[in-house]
Asks: 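Please see the structure below; I have some questions.
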Amino acid sequence: MKKIKRESVGEFIRYLIIGFSNTAINWVVFTLLNEFTPLGDFKTGATISSAVAWIISTIFFAFWAYKLFVFKSKSMLPGILWMEFVAFTSARLLTFGVEQLIIFIGCTLMGFDNDINILLSRIVNSETKVFVDFTLGERYFVKLAATGVITILNYIFSKLVIFKKGQRLSSSEDHRDEGEKA
């Protein structure tokens, strides 16, 4: 029982670390596209930037990181690998749709695409001293809300559907794996 708990805690910690890394990649790409390309000037630019960021972070990074390091699905048999990849991509496309819907509703339909000026200051000897002054787009708050929703959905799909313990190794891989340990 303790071993199962320890494995579950370790898996969850790895999930959070890889999830944070995946989210960081997604946000960096999203921000670069919004701030340093013409996409940031268009009403639908946040939606397009989010799509590109999703492809880079999910297809090129997340599948392999979750497969190998979080859920320890080491099988490289083409059938199992393909099944996992299709299930992972399908689930992520579903949650990508959820994210896009949240961003579209928040930024495009509800108009949360304005800039917020954050100015923190204090008065010292009758003089105002500004120590923080920056502008943050409301679209980042919408993206944050979407990220929270899809993180929960992605964990559920990965844990219960995509990387199920029963399909981690085929019987031939089990025997090969046991032989390598001996």
Asks: Looking only at heavy atoms, what is the nearest atom pair of Arg14 and Val70, with distance?
Replies: NH2-O, 3.0 Å
Asks: Taking atom CD1 of Ile55 and atom CZ of Phe60, what is their separation to the nearest 0.5 Å?
Replies: 8.0 Å
Asks: Just how far is it from atom CG of Leu153 to atom OG1 of Thr95, taken to the nearest 0.5 Å?
Replies: 6.5 Å
Asks: Can a side-chain donor-acceptor contact be found between Trp54 and Thr58 if the only test is distance below 3.5 angstrom?
Replies: yes
Asks: Say you draw a straight line from CD1 of Ile48 to CD1 of Ile103; how long is it, rounded to the nearest 0.5 Å?
Replies: 12.0 Å
Asks: Quick one: side chain to side chain donor-acceptor pair (under 3.5 Å) partners of Thr23, sequence neighbours excluded?
Replies: none
Asks: Would you kindly confirm whether Met110 and Leu101 end up in one hydrophobic cluster when ILVMFWY residues are joined by side chain heavy atoms under 4.5 Å apart?
Replies: yes
Asks: Does Ile59 belong to the same Ile/Leu/Val/Met/Phe/Trp/Tyr cluster as Val28, with side-chain heavy atoms less than 4.5 Å apart forming each link?
Replies: no
Asks: Can you tell me how the ring of Tyr155 sits relative to the ring of Phe71, calling it parallel under 30°, perpendicular over 60° and tilted otherwise?
Replies: tilted
Asks: List the steps, then state whether side-chain hydrogen bond (donor to acceptor under 3.5 Å, both in side chains) holds for Ser50 with Gln100.
Replies: CA-CA 7 Å; Ser50 182; Gln100 291 298 92; 3.0 Å; yes
Asks: Find the distance between CZ (Phe141) and SG (Cys107) and round it off to the nearest 0.5 Å.
Replies: 12.0 Å
Asks: Hydrophobic clusters here meaning ILVMFWY residues chained together by side-chain heavy-atom distances under 4.5 Å, can you tell me if Phe36 and Trp27 are in one?
Replies: no
Asks: Heavy atoms only: give me the nearest Phe30-Lys143 pair and the separation to one decimal.
Replies: CG-CE, 4.1 Å
Asks: Using the ring pair (Phe, Tyr, Trp, His ring centres under 6.0 Å) criterion, which residues pair with Phe69? Sequence neighbours excluded.
Replies: none
Asks: Are Val149 and Phe20 grouped together when hydrophobic residues (ILVMFWY) are joined by side-chain heavy atoms under 4.5 angstrom apart?
Replies: no
Asks: So how far is it from Glu11 CD to Leu16 CG, rounded to the nearest 0.5 Å?
Replies: 10.5 Å
Asks: Please report the closest heavy-atom contact between Leu33 and Ser49, naming both atoms and the distance.
Replies: CB-OG, 3.5 Å
Asks: How long is the straight-line distance from CD1 of Ile80 back to CE of Met83, given to the nearest 0.5 Å?
Replies: 6.0 Å
Asks: Measure the shortest side-chain to side-chain distance between Phe63 and Ile162 over non-hydrogen atoms and say whether it is less than 4.5 angstrom.
Replies: no
Asks: State which residues pass side chain to side chain contact (heavy atoms under 4.5 Å, CB included) with Phe61; sequence neighbours excluded, sorted by chain then number.
Replies: Ile18, Ser21, Asn22, Ile25, Ala65
Asks: Are the aromatic ring centres of Phe157 and Phe88 under 6.0 angstrom apart?
Replies: no
Asks: Looking only at non-hydrogen atoms, find the nearest pair between Ser75 and Leu81 and report the distance.
Replies: O-CD1, 4.4 Å
Asks: Following the transitive rule for hydrophobic clusters with a side-chain heavy-atom cut-off under 4.5 Å over Ile, Leu, Val, Met, Phe, Trp and Tyr, establish whether Leu32 and Tyr140 coincide in one cluster.
Replies: no
Asks: May I ask you to test the Lys67-Phe85 pair for a side-chain heavy-atom distance under 4.5 Å?
Replies: no
Asks: State yes or no: are the ring centers of Tyr66 and Phe163 separated by less than 6.0 Å?
Replies: no
Asks: Mark yes or no for whether Lys74, through its side chain, and Leu68, through its backbone, hold a donor-acceptor pair below 3.5 Å.
Replies: yes
Asks: If every non-hydrogen atom of Ile102 is compared with every non-hydrogen atom of Val142, which pair is closest and at what distance?
Replies: O-CG1, 3.7 Å
